[in-house]
Student: 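Would you mind keeping the following structure in view while I ask a few things?
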Number of protein chains: 2
Amino acid sequence: MFPPLRVEPTYRKLALAIETRILERSLRDGEPLPTEAELSTQFDVHRSTVREALRELESAGLVTRRRGTKRLVVTRPGAARIADTVGRALSLEDVTVLEVWEALHLVAPAAAANGARRRTAADLAAIEAAYQRFTEDSVDTARALVHMLAFFRAVTRTSGNRVLMLTLEPLLKLMEPTLAQMVAGVPQARARITTAQRRILEALTARDTEAARTWMSRYLRDFRRGYELASISLEQRVAWRSSNR
Amino acid sequence: MFPPLRVEPTYRKLALAIETRILERSLRDGEPLPTEAELSTQFDVHRSTVREALRELESAGLVTRRRGTKRLVVTRPGAARIADTVGRALSLEDVTVLEVWEALHLVAPAAAANGARRRTAADLAAIEAAYQRFTEDSVDTARALVHMLAFFRAVTRTSGNRVLMLTLEPLLKLMEPTLAQMVAGVPQARARITTAQRRILEALTARDTEAARTWMSRYLRDFRRGYELASISLEQRVAWRSSNR
DNA sequence: TCAGGCGGATTGTCGGACGATACGCCCTCC
DNA sequence: GGAGGGCGTATCGTCCGACAATCCGCCTGA
């Protein structure tokens with residue numbers, strides 16, 4: 001019995017080689033990649049092959065082109081890109097709004113509880129800012145949504161855990177469309193959101209772990225109630241529109 | 001003030017066009033993609049350009065090549081690919097083992113609690129199988145690890161929530177190396193793992209939400225204790241080796 | 001000193017070519 | 001009639017080379 005021998009095409013080997021260099025930090029964040037011609041010489045392959053490898057790295061978010069520039073620079077795939085990848089995958093899996101809501105309902109309260117212990121003054125300021133913006137600028141649904149998501153992000157950031165932040169991001173993006181429907185369709189939604197956000201903020205300020213958890217949980221449960229009031233089915237599949245970043 | 005006008009290169013537009021078709025299901029899972037030549041004709045661009053677009057889709061996991069075949073087929077990016085993407089990103093963010101552990105400690109108990117309500121007989125069988133395999137085949141650390149991860153996956157699956165499953169995957173992969181160190185370095189680890197797994201299994205069988213949560217939580221806390229016993233720093237960055245899938 | 005101009009470097013896209021190989025068809029042989 | 005094997009072709013992987021667009025750095029002149 002022989003192991004199934006596997007011939008990787010050159011472009012993949014190339015991509016892997018460069019990726020490895022990035023992961024091991026010998027190509028650092030912000031550093032410009034060698035030019036295509038140079039890579040083509042160094043690896044002794046044709047430039048077309050190099051380009052195929054580069055497209056792979058590019059779509060992985062490991063290299064990016066700064067706006068209006070030619071050279072590719074090494075970057076870390078940010079939250080937005082991860083959210084894109086995960087969101088797309090979940091959408092293709094026909095995941096329902098309910099599942100996303102559940103996941104959010106599971107992550108966010110815990111993050112808030114965690115955050116109640118560690119939050120710094122700066123954290124609070126960020127949350128308060130998001131809260132303020134929501135209260136002052138929530139007439140337009142789209143803008144209200146932006147502020148709501150900002151609030152979530154700010155609260156999650158207090159946990160000091162980047163894994164949570166990265167996990168949260170796709171969930172928010174997936175909830176966004178239906179959440180917007182809900183806010184637009186339920187008159188009392190804005191008031192309830194304001195209240196919940198205030199309570200959460202207070203709990204974090206007071207470093208009250210349980211209150212933070214509870215209010216965040218209630219906040220999210222309110223979403224669910226809002227969905228029912230607005231006749232938004234929780235069983236529908238999450239939507240995903242490719243961000244043409 | 002004009003919006004910064006943005007000229008997308010052809011290969012990106014192309015990739016986006018195909019991606020859209022996949023997301024809207026007009027290209028379905030398992031279906032073969034048109035040949036490069038055909039795409040090149042249809043879109044009226046050079047084949048090299050088509051290939052660059054395909055590399056993007058390929059690295060996004062939206063199209064794949066089945067082992068030893070030429071044609072690309074449409075696929076959904078599975079858990080493994082997501083784990084890859086997320087894991088790489090987290091590793092590049094210099095995320096620590098502690099952060100991953102925290103996230104796991106947050107997700108898994110909640111998933112178990114959720115699962116205690118919904119678990120089916122089949123779920124239990126899967127968990128029991130993983131448990132059995134661990135008890136019978138945990139001498140070799142690598143194999144023990146495989147069974148431990150399988151246990152986690154099986155438990156999480158009971159929650160019936162694919163978002164959780166997808167979230168869990170990268171966490172497990174990231175924990176794996178240090179977890180292996182821990183299991184190898186702490187003599188009593190295997191016994192404690194067996195106990196915890198059994199308790200979790202029992203809780204799920206009895207549909208005891210709180211017991212499931214508690215034991216999963218304890219299980220994970222035990223990991224942390226094990227890390228200390230094995231002198232594994234929780235502050236170290238998570239490692240990531242690119243899987244050359 | 002700095003705006004503007006100029007030339008080289010780099011990317012994006014193209015036309016075309018060629019070997020390797022996976023696939024499907026057909027043919028033979030049992 | 002079905003299984004196995006051989007052959008032609010479609011398709012991929014890689015390469016060569018070319019050229020326009022444009023970004024960048026340098027130099028010049030006011």
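Quick note on labels: first sequence line is chain A, next is B, and so on, each numbered from 1.
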Student: Taking atom C1' of C:dT13 as reference, at what distance in whole Å does atom CD of B:Glu8 sit?
Tutor: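 Checked: the CD to C1' distance equals 16 Å.
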Student: Categorize B:Arg65 for me: base, sugar-phosphate, or nothing, with a 4.0 angstrom heavy-atom threshold over every strand shown.
Tutor: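 Since only primed, P, OP1 and OP2 atoms lie under 4.0 Å of B:Arg65, the category is sugar-phosphate.
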Student: Among residues at least two apart in sequence or on other chains, which ones pass ring-ring contact (aromatic ring centres under 6.0 Å, His included) with A:His105?
Tutor: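 Here the qualifying residues are A:Trp101.
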Student: Could you state the NE2-C1' distance from B:His46 to C:dT13, rounded to the nearest angstrom?
Tutor: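 In whole Å, C:dT13 C1' and B:His46 NE2 are 8 Å from each other.
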Student: Name all residues meeting the ring-ring contact (aromatic ring centres under 6.0 Å, His included) criterion together with A:Tyr11; count only those two or more places apart in sequence or in a different chain, and write none if there are none.
Tutor: none
Student: Any pair with a residue in residues 164-178 of chain B that passes side-chain hydrogen bond (donor to acceptor under 3.5 Å, both in side chains), sequence neighbours left out, goes on the list, sorted by first then second residue, please.
Tutor: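 As it turns out, the side-chain hydrogen bond (donor to acceptor under 3.5 Å, both in side chains) pairs with a partner in residues 164-178 of chain B, which skip direct neighbours, are B:Arg153-B:Glu169, B:Thr178-B:Tyr227.
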Student: Check whether any side-chain N or O of B:Thr10 sits under 4.0 Å from OP1 or OP2 of C:dG12, and answer yes or no.
Tutor: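 B:Thr10 to C:dG12 OP1/OP2: no side-chain N or O under 4.0 Å.
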Student: What are the atom names and distances for every N/O pair under 3.5 Å that joins the protein to nucleotides 21-24 of chain C?
Tutor:
residue : atom : partner : partner atom : Å
C:dT21  : O2   : B:Lys70 : NZ           : 2.7
C:dC23  : OP1  : B:Thr69 : OG1          : 2.9

Student: Taking only the side-chain nitrogens and oxygens of B:Ser48, find out if one of them lies under 4.0 Å from OP1 or OP2 of C:dG15.
Tutor: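 Negative; the distance criterion is not met.
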Student: Can you tell me the distance, in whole Å, between the CD atom of A:Glu36 and the C1' atom of C:dG12?
Tutor: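 It is 8 Å, rounded to the nearest whole Å.
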Student: Just to confirm, is there a sub-4.0 Å distance from OP1 or OP2 of C:dC14 to any side-chain nitrogen or oxygen of B:Arg47?
Tutor: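 No.
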Student: Tell me, please, which residues at least two apart from B:Phe151 pass ring-ring contact (aromatic ring centres under 6.0 Å, His included).
Tutor: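 None.
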Student: Which nucleotide span of DNA chain D, 5' end to 3' end, has atoms closer than 4.0 Å to non-hydrogen atoms of chain B?
Tutor: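 Counting from the 5' end, contacts occupy D:dT11 to D:dT14.
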Student: Taking only Lys NZ, Arg NE, NH1 and NH2, and the carboxylate oxygens of Asp or Glu, determine whether B:Arg51 and A:Glu52 approach each other closer than 4.0 Å.
Tutor: yes
